[in-house]
Amino acid sequence: MGDANCCRFLEILLAIVLPPLGVFLRFGCCSMEFCICLLLTILGYIPGMIYAIYVLVALDSDRSEREYYTLAYAHALKSLAVH
């Protein structure tokens with residue numbers, strides 16, 4: 001748990017210093033998030049930084065919630081199939 005918080009902190013710190021780098025570490029170089037961040041950073045540093053922080057903070061929480069509900073739904077279906 002501590003490692004995940006440390007990684008998130010470093011990604012956000014890198015997103016402040018060089019926005020595409022923080023997004024690259026999380027999503028890779030061929031993702032839509034990285035391309036948007038790179039374009040926004042080329043057009044202006046501040047929009048790229050705001051987008052990078054948003055992507056790293058907001059999309060991560062949405063993904064973890066979605067994974068939780070997917071696992072809960074799969075577990076419910078599995079328990080119904082057994083009975």
Side-chain angles (χ1 to χ4, degrees):
M1 185 101 181
D3 291 337
N5 290 335
C6 183
C7 287
R8 179 178 286 195
F9 173 74
L10 288 175
E11 288 171 345
I12 292 173
L13 185 64
L14 286 173
I16 292 170
V17 175
L18 188 61
L21 184 58
V23 176
F24 168 76
L25 292 176
R26 172 74 55 89
F27 297 101
C29 66
C30 294
S31 67
M32 183 62 72
E33 290 86 1
F34 176 76
C35 293
I36 292 171
C37 187
L38 184 63
L39 179 66
L40 286 172
T41 304
I42 290 170
L43 294 174
Y45 176 75
I46 300 297
M49 182 178 63
I50 292 171
Y51 179 76
I53 293 171
Y54 168 76
V55 165
L56 292 174
V57 174
L59 290 185
D60 186 49
S61 64
D62 289 344
R63 182 175 291 143
S64 64
E65 286 178 15
R66 193 171 40 240
E67 287 174 359
Y68 171 76
Y69 288 118
T70 302
L71 290 173
Y73 182 70
H75 180 66
L77 285 177
K78 188 176 181 181
S79 65
L80 286 174
V82 171
H83 296 288

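In this chain, residues are counted from 1 in sequence order.
In this structure, CD1 in I36 is found 11.5 Å from OG1 in T41, a value given to the nearest 0.5 Å. Rounded to the nearest 0.5 Å, atoms CG (L13) and CG (L18) are 11.5 Å apart. Between the CD1 atom in I42 and the CG atom in L38 there is a gap of 4.0 Å [rounded to 0.5 Å]. To the nearest 0.5 angstrom, L56 atom CG is 13.0 Å from F9 atom CZ. A distance of 11.5 Å separates CZ of F34 from CG of L39, quoted to the nearest 0.5 Å. Atoms SG and CZ, on C30 and F24 in that order, are 9.0 Å from each other to the nearest 0.5 Å.
Linking ILVMFWY side-chain heavy atoms closer than 4.5 Å, directly or via other members, places L40 and L59 in a single hydrophobic cluster. Cluster annotation: I46 and I12 are assigned to the same hydrophobic cluster (Ile/Leu/Val/Met/Phe/Trp/Tyr, side-chain heavy-atom contacts under 4.5 Å, transitive). Hydrophobic clustering (side-chain heavy atoms under 4.5 Å, transitive across Ile, Leu, Val, Met, Phe, Trp, Tyr) groups Y54 together with F27.
The two residues A15 and A52 have their closest heavy-atom pair at CB-CB, 3.8 Å.
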Handout entry: Test log, rule side-chain contact (heavy atoms from CB on, under 4.5 Å), inputs E33 and Y51
Key = CA-CA 9 Å; E33 290 86 1; Y51 179 76; 4.0 Å; yes

